[in-house]
Amino acid sequence: MWQILSIIVGQKILLPSPLDALKSFFTLLFTAKFLTAAGFTVGKILSGFFAALLASIVLVIISSVSDFAKTVITPFLTALKSVPVASFVILALIWISSSYLSAFISFVMVLPVLYINLLSGIESTPSEMKEMAKMYEIKPLKKALYVFMPYAVPYFKSGCKIALGLCWKAGVAAELIGIPTGSVGEQLYFSKVYFQTSDLFAWTLVIILISVLFEKLFMYVLELLTKLYERI
Amino acid sequence: MEIKITNLTKSFGDNNVINNFSEVFPDGLTTCVMGESGCGKTTLLKILDGTLEYDGGEVTSLENVKKSVVFQNDRLIDTHTVHRNVRLLCEKAQKNDILFALGEVGLSGDVLYEKISNLSGGMKRRISIICAILFNGDVYLFDEPTKGLDDNNKKNVLDYIRNNTKGKTVIWVTHDKDEANYVGDKIIYMKKEQ
């Protein structure tokens, strides 16, 4: 389909053929800028993702033990979920250096998703199980690990899956607006400025591949950890 | 400990489930509570275990009393193993205690590290009973503990409970007259409110 369309359009600038895009992709793989740009972006986006992962766990623990904290945190993060990426990018560019932009954007985009999913999982614990935990005087840490966690895990996993897709999209979009030096976003910007559309496709392919690979790897590790947790 | 109930009343909306119910559950004895479905037996147990508020009357408070409860529906965590479920509720129970208890109720030691989700209803029921017994409460509240068990396993379970609750106050809800006669020191009948 893509090949047919590119033949019909007939202009590489508007729509390069899949072959051109693949050629650019493989050429790109062996350049120094590929490693530096991909390394920069992957590092920033993943640091934002993992920081959000940690923060969401801490915030869910706080919300679970304090109703007041929950009434403050939940509406704030729910509202945060609806804020467009562009608004955050502009604010972030005022507040911080553009080199931390994708980490920050990845963090703010992922945090509400993980928090809301994890909290929903904890809240899905049947009231009978909570009653049982109370009656059998199960200690708070044990209660969190062995009573709430089995119900929270499926929600957490689906939250991670959504968040992983989101962090790459939002992170690269932020880099495209903020153009931090040495980032994938900057390379995408150059492709647009110099009309190197095949490079644009090649970089997009790079982002897709990294995002899919990381998602598979992360979910695999999460699955292993879940199995380990169930066997202990 | 003796549990005294005086003029207990409990309604759910217009449905008056328990009306002016009075009874004494003697210290150290097993009292079986019988009666047709909907007469308030489970409601009575829920009031005693503290998970349900009552509307009127007086009930000996069991708030700070260690209660071993077998609920009508098993409250086990499906994704955990038998070992973890038991250890979660009874921290002090050692592997050998659990293995011994499994044998007593007619279960093989092989199920120790089996996930609850892989067990049958009758097996889950027996694990719930083991949890309640190993928790070693001061008061035992049983809501149809032998529900779903075949005759052979039922006999094992009844003996297991009876041998391990000697001298404790036990309130045992059942529909089975033979069971009540076998384990009960006292049998009471609750009447359905009209």
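First the proteins, then the strands, lettered A, B, ... as listed; each starts at 1.
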Subject >> Region of A:K134 that comes under 4.5 Å of a non-hydrogen atom in chain B >> reply: neither
Original post:
For A:V153, is it the side chain, the backbone, both or neither that has a heavy atom under 4.5 Å from a heavy atom of chain B?
Top reply: neither
Original post:
Does NZ or CZ of B:K191 lie under 6.0 Å from the centre of the six-membered ring of B:Y189, at an angle within 45° of the ring axis?
Top reply: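 Not satisfied by the 6.0 Å and 45° rule.
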**OP:** Would you kindly check if the NZ (Lys) or CZ (Arg) of B:K10 is within the cone defined by 45 degrees around the ring axis of B:F12 and under 6.0 Å from the six-membered ring centre?
**Re:**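 Yes, B:K10 and B:F12 form such a contact.
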Original post:
What option among B:K66, B:E91, B:K67, B:K115 has the most heavy-atom pairs under 4.5 Å with chain A?
Top reply: B:E91
Original post:
Quick one: do the B:T43 and B:Y54 side chains pair a donor with an acceptor below 3.5 Å?
Top reply: no
**OP:** Give, as side chain, backbone, both or neither, the part of B:F71 having an atom under 4.5 angstrom from any heavy atom of chain A.
**Re:**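 Just the side chain, heavy atoms under 4.5 Å.
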Original post:
Parallel, tilted or perpendicular for A:Y229 and B:H80, by the 30°/60° rule?
Top reply: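 A:Y229 and B:H80: perpendicular rings.
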